[in-house]
Amino acid sequence: MSKLIYDNITDVLPNIDFSNLKNKRILITGASGLVGVYMMSCIERFVEKNNLSVWCWINNKLGRQFESLFENCVVIHGDITDNTNYSVLPRFDVIIHAAGYGQPGKFLEDKVKTIKLNTDSTIELFKLLNEDGKFLFVSTSELYNGLDQTNIAEEQIGSSNTDHPRASYIEGKRCGEAICYAHKDLGYDVKIARLSLAYGPGTKRNDKRVLNSLIQRGIQEDNIKLMDGGSAIRTYCYVSDVVEMLWNIVLHGKHTVYNVGGK
């Protein structure tokens with residue numbers, strides 16, 4: 001782990017109380033993504049001290065590199081949308097479903113899979129959750145697409161149509177939230193985090209989202225040229241602040257839905 005990531009995590013750990021996770025089994029999907037790595041980095045330090053069993057699910061080629069990063073955790077390799085992968089897994093006390101691509105170029109490559117990852121896979125994960133367990137579904141602020149205001153409350157929702165170019169992602173997340181509410185009605189402790197734009201060290205080199213593209217262009221060309229007039233305003237949130245909020249939501253949150261983003 002890079003010193004910068006380690007220092008970032010060290011800064012936020014005093015703001016997270018992990019004490020009620022003692023002797024628990026935890027599953028984090030999408031553990032090799034930017035947010036997932038930071039979520040893992042937070043909890044991994046408490047594994048031996050609190051007798052935790054932490055499982056992380058990845059679906060890429062990192063393999064041994066990822067396993068060497070988190071030696072105290074069980075790494076699951078496989079496609080989370082393949083339902084045959086669930087039969088060999090135990091039950092969990094905490095499940096954080098953070099799998100999925102935040103990059104439009106990625107989640108639009110296979111729209112059906114994007115929908116399934118947020119819907120069918122969410123249902124399958126709930127089957128692995130103990131009745132008194134906690135579930136966090138990492139959703140998206142894109143659900144507000146179509147609203148023209150700057151300050152948006154969790155009670156509001158966007159107005160994009162099902163034929164929207166990004167509908168597979170937006171509607172998949174919306175349906176995922178509905179699945180979470182259905183399980184909340186069954187008595188499960190469910191939290192939903194509508195994540196905005198996270199950034200920070202740990203982003204992969206081929207990440208095509210705008211902030212990373214600007215950094216790459218500045219490094220490679222020593223000049224940043226915008227693709228448009230530059231009038232759009234977006235709110236970004238530093239990744240260590242994101243994971244501080246996510247852990248506190250799943251462990252201590254009193255509400256069901258939370259916006260997670262910068263000011």
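Between the side chains of R166 and T114, no donor N or O sits under 3.5 Å from an acceptor N or O. When only modelled atom types and interatomic distance are considered, N15 and N248 share no side-chain donor-acceptor pair under 3.5 Å.
Both Y236 and I224 belong to a single network of hydrophobic side chains, linked directly or stepwise wherever heavy atoms of I, L, V, M, F, W or Y lie under 4.5 Å apart. Cluster annotation: V260 and Y144 are assigned to distinct hydrophobic clusters (Ile/Leu/Val/Met/Phe/Trp/Tyr, side-chain heavy-atom contacts under 4.5 Å, transitive). With hydrophobic clusters built from ILVMFWY side chains whose heavy atoms lie under 4.5 angstrom apart, I152 does not share a cluster with Y169.
Note on K127 versus E124: salt bridge recorded, some NZ/NE/NH1/NH2 to OD/OE distance being below 4.0 Å.
A distance of 11.5 Å separates CD in E154 from OG in S139, rounded to the nearest 0.5 Å. Of the inter-residue distances, the one linking I115 atom CD1 with I170 atom CD1 reads 11.5 Å to the nearest 0.5 angstrom. For the atom pair H97 NE2 and L129 CG, the distance stands at 12.5 Å (nearest 0.5 Å). One finds the NZ atom of K191 at 12.0 Å from the CD1 atom of I96 (value rounded to the nearest 0.5 Å). The line from CZ of F126 to CG of L186 is 9.0 Å long, rounded to the nearest 0.5 Å. In this structure, D189 CG and E131 CD are separated by 13.5 Å, a value rounded to the nearest 0.5 Å.
For K184, the NZ atom counts as loosely surrounded, since its 6.0 Å shell holds 12 or fewer non-hydrogen atoms of other residues, nucleotides or ligands. By the neighbour-count criterion of 12 heavy atoms within 6.0 Å, atom CD of Q149 is densely surrounded, having more than that number from other residues, nucleotides or ligands. Under a cut-off of 6.0 angstrom, the local environment of CG in N23 is crowded, with over 12 non-hydrogen atoms contributed by other residues, nucleotides or ligands. Environment of CG in D148: sparse, with no more than 12 heavy atoms of neighbouring residues, nucleotides or ligands closer than 6.0 Å.
With F92 as the fixed residue, the side-chain contact (heavy atoms from CB on, under 4.5 Å) test singles out one of L125, I28, L128, I26: L128. S240 pairs in a side-chain contact (heavy atoms from CB on, under 4.5 Å) with only one of the listed residues (L13, T10, I5, N8), which is N8.
Judged by the 6.0 Å and 45° rule, K173 forms a cation-pi pair with F137.
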